[in-house]
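Data block below; observations after.
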Amino acid sequence: MIRVVTSAERHTSEKEWIRSEFSFSFADYDDPSNAHFGCILAHNDNCLSPMQGFKEHPHHDLEIVSYVVTGTLEHQDNLGNNTLLPAGTVQVMSAGTGISHSERNPSAEEPVRFIQMWFLPSRPCHEPSWRSRNFSREERLNKCIPVASGAAGQGDTAGLPIHADISLYIPVLETGRELVLGQSENKRVYLFLISGHLEVGCDDGVFQLEPGDSARIRKSCNLYIKGTSSEGEAEFILAEIP
């Protein structure tokens, strides 16, 4: 079964310093019927104003993945990491037994757009850790390479390591190009369109996605994803999850 959730169906949280679109129940958006999809607990599409940010705060037993779409994000944590994350960077933070961090926009002029997803770990009480890597457009063009994976440790092709049984991809798909994903019986698929336009097909039919739309796929089927943008390319997040 595939369920398409349009951009307009997301919950908008707008403050002076940040605008967020919540795909799942989060913060001031309380919806028990939309609390998670598989092991995904949160998917927030954030636009952070210049010189603004999240003050240091703690997490535990969460796998937190952030992707910087535009602009630059500054990260600090109590593990000693202090770095700038430019557009194209994926950050994986395993909160485990406890981690504190802050995220801010260091620019005085430009906003930063970043997407953050929370996943349940495969088991609790991991040692906290943090990693990041920039993935170029060329690496991701017209193919699915993992940017984060529970299979990490099997070489660079496994992506950044994460303590969850997931594979996360952020492809860039040219118009007319197609990707085929064979889905296994015990996996769900979550797809979110960052920019451009996509055609998604499976046993349930063919669906047209616009920026901000997502698709939640629950049953085993071959998934066909085709770029349909009249101009430019389509960039999207694809997660295979339990």
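Both backbone and side-chain heavy atoms feed into the values below; hydrogens, waters and symmetry mates do not. Keep in mind it's a predicted model, so treat the numbers as computed, not measured.
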Legend entry - Flag side-chain contact, heavy atom, 4.5 Å: Pro106 against Leu84: yes
Inset, instruction - For the pair His57 (side chain) and Lys55 (backbone), establish whether a donor and an acceptor sit closer than 3.5 Å, ignoring hydrogens and angles. - result: yes
Inset, instruction - Hey, can you tell me if Phe37 and Tyr190 have their rings parallel, tilted or perpendicular (30° and 60° cut-offs)? - result: tilted
Inset, instruction - State, with a plain yes or no, whether a side-chain heavy atom of Val112 is found less than 4.5 Å away from one of Glu74. - result: no
Legend entry - side-chain contact (heavy atoms from CB on, under 4.5 Å) evaluation trace for Tyr67 with Ile194: CA-CA 11 Å; Tyr67 173 61; Ile194 298 171; 3.9 Å; yes
Legend entry - Pairwise distance CD(Glu231) to NE2(His197) - rounded to 0.5 angstrom: 10.5 Å
Inset, instruction - Can you see which heavy atom on Glu103 is nearest to which on Leu48, and at what distance? - result: O-CD2, 4.4 Å
Legend entry - Heavy-atom side-chain proximity of Gln116 to Ser66 below 4.5 angstrom: yes
Legend entry - Members besides Val180 in its Ile/Leu/Val/Met/Phe/Trp/Tyr cluster (side-chain heavy atoms under 4.5 Å): Tyr224
Inset, instruction - Please answer: with hydrophobic residues joined when any side-chain heavy atoms are less than 4.5 Å apart, are Leu62 and Ile40 in the same cluster? - result: no
Legend entry - Close side-chain approach of Thr175 and Ser230, heavy atoms under 4.5 Å: no
Inset, instruction - Verify, without hydrogens or angle tests, whether Asn134 (side chain) and Ala87 (backbone) share a donor-acceptor contact under 3.5 angstrom. - result: yes
Legend entry - Hydrophobic cluster identity match, Val147 and Val68, side-chain contacts under 4.5 Å: no
Legend entry - Euclidean distance, Ser100 OG relative to Leu79 CG, rounded to 0.5 Å: 9.0 Å
Inset, instruction - Treat each ILVMFWY residue as a node, draw an edge where side-chain heavy atoms are under 4.5 Å apart, and state whether Leu73 and Ile115 are in one component. - result: no
Legend entry - Value rounded to 0.5 Å, distance of CD in Gln208 from NZ in Lys226: 9.5 Å
Inset, instruction - Linking directly or through intermediates, with side-chain heavy atoms under 4.5 Å: list the remaining ILVMFWY members grouped with Leu238, chain and number order. - result: Ile2, Val4, Tyr169, Leu173, Leu179, Leu181, Val189, Leu191, Leu193, Leu198, Val200, Phe207, Leu209, Ile217, Leu223, Ile225, Phe236
Inset, instruction - Could you label the plane-to-plane angle of the Tyr29 and His11 rings as parallel, tilted or perpendicular, counting under 30° as parallel and over 60° as perpendicular? - result: parallel
Legend entry - Donor-acceptor under 3.5 Å (Asn105 side chain, Ser49 main chain): yes
Legend entry - Worked verdict on Arg104 versus Met51 for side-chain contact (heavy atoms from CB on, under 4.5 Å): CA-CA 7 Å; Arg104 66 183 294 270; Met51 304 299 292; 3.6 Å; yes
Legend entry - Side-chain donor or acceptor of Ser25 paired with backbone N/O of Pro32 under 3.5 Å: no
Inset, instruction - Taking the side chain as every heavy atom from C-beta outward, state whether Met117 and Glu63 have any pair of such atoms under 4.5 Å apart. - result: no
Inset, instruction - Give, for atom CD1 of Ile18 and atom OG of Ser13, the distance between the pair rounded to the nearest 0.5 Å. - result: 7.5 Å
Legend entry - Reported OG-to-CZ distance for the pair Ser195 and Arg113, which is rounded to 0.5 angstrom: 7.0 Å
Inset, instruction - Keeping the roles fixed (side chain from Arg133, backbone from Leu160), state whether a donor-acceptor pair exists under 3.5 Å. - result: no
Inset, instruction - Determine whether the aromatic ring centres of His75 and Trp130 lie less than 6.0 Å apart. - result: yes
Inset, instruction - Write down the atom of Ser7, the atom of Pro211, and the distance for their closest heavy-atom approach. - result: CB-O, 3.5 Å
Legend entry - Sidechain N-carboxylate O distance under 4.0 Å for Glu235, Arg137: no
Legend entry - ILVMFWY network linking Ile64 to Leu85, side-chain heavy atoms under 4.5 angstrom: yes
Legend entry - Donor-acceptor contact present, side-chain Asp61 to main-chain Pro124, <3.5 Å: no
Legend entry - Common cluster, Phe119/Phe192, ILVMFWY with side-chain heavy-atom separation under 4.5 Å: yes
Inset, instruction - Using only heavy-atom distances, determine whether the side chains of Asn46 and Ser20 contain a donor-acceptor pair under 3.5 Å. - result: yes
Legend entry - Closest non-hydrogen atom pair between Trp17 and Gly53, with its separation: CZ3-O, 3.3 Å
Inset, instruction - Answer yes or no: is there a side-chain heavy-atom contact under 4.5 Å between Trp118 and Phe26? - result: yes
Inset, instruction - Grab the two heavy atoms, one from Asp28 and one from Phe22, that are nearest each other, plus how far apart they are. - result: OD1-CE1, 3.5 Å
Inset, instruction - May I ask you to test the His36-Leu120 pair for a side-chain heavy-atom distance under 4.5 Å? - result: no
Inset, instruction - Answer yes if the side chains of Asp31 and Ser33 hold a donor-acceptor pair under 3.5 Å, and no otherwise. - result: yes
Legend entry - Heavy-atom closest pair, residues Phe24 and Leu41: CB-O, 3.8 Å
Legend entry - Neighbour count above 12 (heavy atom, 6.0 Å) for Arg177 CZ: no
Inset, instruction - Rounded to the nearest 0.5 Å, what's the gap from CD1 on Ile99 to CD on Glu56? Could you check? - result: 10.0 Å
Inset, instruction - Start with the C-alpha distance between Ser94 and His163, add both sets of side-chain angles, then the distance that settles side-chain contact (heavy atoms from CB on, under 4.5 Å), and finish with yes or no. - result: CA-CA 7 Å; Ser94 294; His163 295 299; 3.5 Å; yes
Legend entry - Exercise: identify the closest heavy-atom pair between His126 and Pro121: CD2-CB, 4.4 Å
Inset, instruction - Apply side-chain contact (heavy atoms from CB on, under 4.5 Å) to the pair His59 and His101, showing each step before the final yes or no. - result: CA-CA 8 Å; His59 295 288; His101 75 113; 3.2 Å; yes
Legend entry - Flag, side chain of Arg140 to backbone of Ile170, donor-acceptor distance under 3.5 Å: yes
Inset, instruction - Decide yes or no for Gln52 and Glu16: does some side-chain heavy atom of the first lie under 4.5 Å from some side-chain heavy atom of the second? - result: no
Inset, instruction - Please confirm whether the backbone N or O of Ser102 pairs with a side-chain atom of Gln76, one donor and one acceptor, at under 3.5 Å? - result: no
